[in-house]
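Throughout, numbering of the chain's residues begins at 1 and tracks the sequence. The analysis underlying the following values was restricted to heavy atoms, covering all of them including side chains, and did not include hydrogens, waters or symmetry mates.
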Amino acid sequence: MSENRQAMKDVNVVLVPEELTARANKNLKRRRACKVVCALVIVAVVLTVFFSVILQPVSLGAGKGSVDGKYGYVLADIEGITEANPRIVDIAMLGAHDANTNSLEADNPVDGYAASTVLGKIQPLVKGFQYRFAVTQPVSVGQQLLQGARFLHLKYADFNGEWLASHTVVGGKVENDVLEILQYLDTHVGEVLILLFHPTYFGEGAGYENFHDWLATVEYNGKNIYDYVFYDKVDVFGDADGENDGVRISSLRYNDVTLNGTSSGVVLLDRREVKVTPDPNLPQSQYSQYFYDMDCNALHEWHNRMGSDVLMEEINATCEEVAAEDAAGNMLHVNQTQASVSAASLGDIFRDIGAWSLLKFAEKHNAALLDNPNFDKWLSVMPIFQVDFLNSDYKDFNRRVNERIRSYNENLVASLIANDGE
């Protein structure tokens, strides 16, 4: 009996090759399934962290910067400036990139152009990241002027028939920005502002023409922006049409813009982009003759990169190109130093994530720009030094940059006087 049991047991443990193969395949499938489940769990965790920790938070990670208001005057009080009468294109200025973005809110909608893009359609998923890389200045336009800004890059969009600040996400009324500019002009005789108006979207019935007309309706103490324009009809496209029938930007001088230092004054520019289509049926505005086209009258390379080292390499290269392209200095030369979200390389993508926000990145980046050994050369070739977080107090940036620009302009004035203005 025991021998029969042992024989049966021996039969039960003997497997044919087909059964061995089936068992092995089953085990392999189980291991693969476990790997797939583990991978899915890891992906779910990574996506959860990415969306909740990276894409959703709206904290900008930076403070308000310097708000001491010490630089309301940076030109008018330079001794001998009216005697020297420098060209506007030669005067060094601190520039504010996307100057009016402090009014943006994370929960605001995107502008009309962005709404048609993938970015606009997934806004609820990426609103925090989008907001953090839209705000470039933490204080208002008026405060920036008191911190030394003299070149303002102002983005705007037609949003349901109203002009709003815009940098993908829309912000407050452009009227508020213009009123702060007018208030500054009203109280700071002899100062010069260059105002670059840059549309991001025009809806039906909107365009440069009616925006120019609208600007005339915004007044402070009975004056609008055109009351601070003292030059005649301009050569809008820098003689691109071959007619040369207006004031060239290279011929504008300090005394032309400020009535020999007796008033503050502005120089107006428009930025035109292919993606922004104005209504061609709008009637012409009488005020359009005072706006220079930015691209035809300025060299202003946008680097579209992330990372201080990368940007400074780009700035160095641009400096050489600008010096060669416009040796006579007949155009505005803008040094666009600021970063932007970039997918130009894998390194840029990781730096995008590590930067957290444009403001946070700009804190250390701005200080590094000032400490770069080529800074003085950059300023001599590209006198408009444009940055994000213009009033940053990290390593005393705002004070230091104003002092460097002031020194440059004082030397310019002294040099012109010594050479009888030539």
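- Salt-bridge annotation for K127 and E105: absent, with no side-chain N of the basic residue lying under 4.0 Å from a carboxylate O of the acidic one.
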Which donor-acceptor pairs under 3.5 Å do the side chains of residues 291-300 make with protein atoms, sequence neighbours left out?
from, atom 1, to, atom 2, distance (Å)
Y292, OH, V247, O, 3.0
D293, OD1, R272, NH1, 3.0
D293, OD2, D295, N, 3.3
D293, OD2, C296, N, 3.0
D295, OD1, R271, NE, 3.0
D295, OD1, H300, NE2, 2.7
D295, OD2, R271, NE, 3.1
N297, ND2, V236, O, 2.8
N297, ND2, D293, O, 2.8
H300, ND1, Q336, NE2, 3.4

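- Salt-bridge annotation for R406 and D77: present, with a side-chain N of the basic residue lying under 4.0 Å from a carboxylate O of the acidic one.
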Next item on the list: Test side chain to side chain donor-acceptor pair (under 3.5 Å) on T82 and N260 and set out the steps.
Entry: CA-CA 6 Å; T82 55; N260 299 311; over 6 Å; no
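- Donor-acceptor pairing under 3.5 Å is recorded for the side chains of E209 and S288.
- Side chain of D90 to main chain of P86: no donor-acceptor pair is present (N/O by atom type, distance under 3.5 Å, no hydrogens or angles).
- One distance of note links OG1 of T136 with CG of N100; it measures 8.0 Å at 0.5 Å rounding.
- A donor-acceptor pair is defined here as one N or O able to donate and one able to accept, closer than 3.5 Å; no such pair exists between the side chain of S264 and the backbone of V189.
- One distance of note links OG1 of T337 with CD of E314; it measures 13.0 Å at 0.5 Å rounding.
- Between Y287 and Y226, the ring planes are parallel. Angles under 30° get that label, and only those over 60° would be called perpendicular.
- Judged by distance alone, with hydrogens and angles left aside, the side-chain atoms of N224 form a donor-acceptor pair with the main-chain N or O of A216 at under 3.5 Å.
- S263 and T258 share no donor-acceptor pair across their side chains, judged by distance under 3.5 Å alone.
- A 6.0 Å sphere centred on CZ of F350 holds no more than 12 heavy atoms belonging to other residues, nucleotides or ligands.
- One finds the CZ atom of F397 at 9.0 Å from the NE2 atom of H365 (value rounded to the nearest 0.5 Å).
- Within 6.0 Å of atom CG in D309, 12 or fewer heavy atoms from other residues, nucleotides or ligands are found, so the atom counts as exposed in its surroundings.
- Taking 4.0 Å as the cut-off between side-chain N and carboxylate O, K223 and E219 do not count as a salt-bridged pair.
- The shortest heavy-atom contact between L359 and F389 is O-CD1, 3.5 Å.
- Between Y156 and Y201, the ring center distance fails the sub-6.0 Å criterion.
- A donor-acceptor pair under 3.5 Å is formed between the side chain of N366 and the backbone N or O of D388.
- Between the NE2 atom in H97 and the CG atom in L390 there is a gap of 12.5 Å [rounded to 0.5 Å].
- Of the N and O atoms on the side chains of H212 and Q286, not one donor lies less than 3.5 Å from an acceptor on the other residue.
- When only modelled atom types and interatomic distance are considered, D68 and Q147 share a side-chain donor-acceptor pair under 3.5 Å.
- Taking OH of Y228 as the start and CG of L182 as the end, the distance is 6.5 Å to the nearest 0.5 Å.
- Here F151 contributes atom CZ and I91 contributes atom CD1; the two are 13.5 Å apart, rounded to the nearest 0.5 Å.
- In this structure, a donor-acceptor pair under 3.5 Å is present between the side chains of S340 and N304.
- A donor-acceptor pair under 3.5 Å links the side-chain atoms of D279 to the main chain of G205, judged by distance alone.
- In this structure, the side chain of E410 does not engage the main chain of I78 through any donor-acceptor pair within 3.5 Å.
- Considering only heavy atoms from C-beta on, L146 stays 4.5 Å or farther from Y71 through its side chain.
- The distance between the ring centers of W356 and F361 does not fall below 6.0 angstrom.
- Counted by atom type alone, S285 and D213 present one or more donor-acceptor pairs between their side chains at under 3.5 Å.
- In summary, R399 and D396 engage in a salt bridge, as defined by a charged side-chain N under 4.0 Å from a carboxylate O.
- Checked by atom type and distance alone, the side chain of T187 pairs as donor or acceptor with a backbone atom of Y184 at under 3.5 Å.
- Among the candidates F197, F202, Y290, the single residue satisfying the ring pair (Phe, Tyr, Trp, His ring centres under 6.0 Å) test with Y208 is F202.
- R253 places a side-chain N or O within donor-acceptor distance of the main-chain N or O of N85, the cut-off being under 3.5 Å.
- A donor-acceptor contact shorter than 3.5 Å is absent between the side chain of N330 and the backbone of S250.
- Of the listed residues (T318, N316, N335), just one forms a side chain to side chain donor-acceptor pair (under 3.5 Å) with W378, and that residue is N316.
- For E273, the CD atom is densely surrounded, since the number of other residues' heavy atoms within 6.0 Å is greater than 12.
- In the model, S66 has no side-chain atom that pairs as donor or acceptor with a side-chain atom of N391 under 3.5 Å.
- Listed by first then second residue, pairs satisfying salt bridge (charged side-chain N to carboxylate O under 4.0 Å, His left out) with a partner in residues 167-188 read E162-K173, not counting sequence neighbours.
- Aromatic ring pairs are classed by plane angle as parallel below 30°, tilted from 30° to 60° and perpendicular above 60°; the pair H153 and H198 is tilted.
- Across every non-hydrogen atom of L145 and R150, the tightest pair is O-NH1, 2.9 Å.
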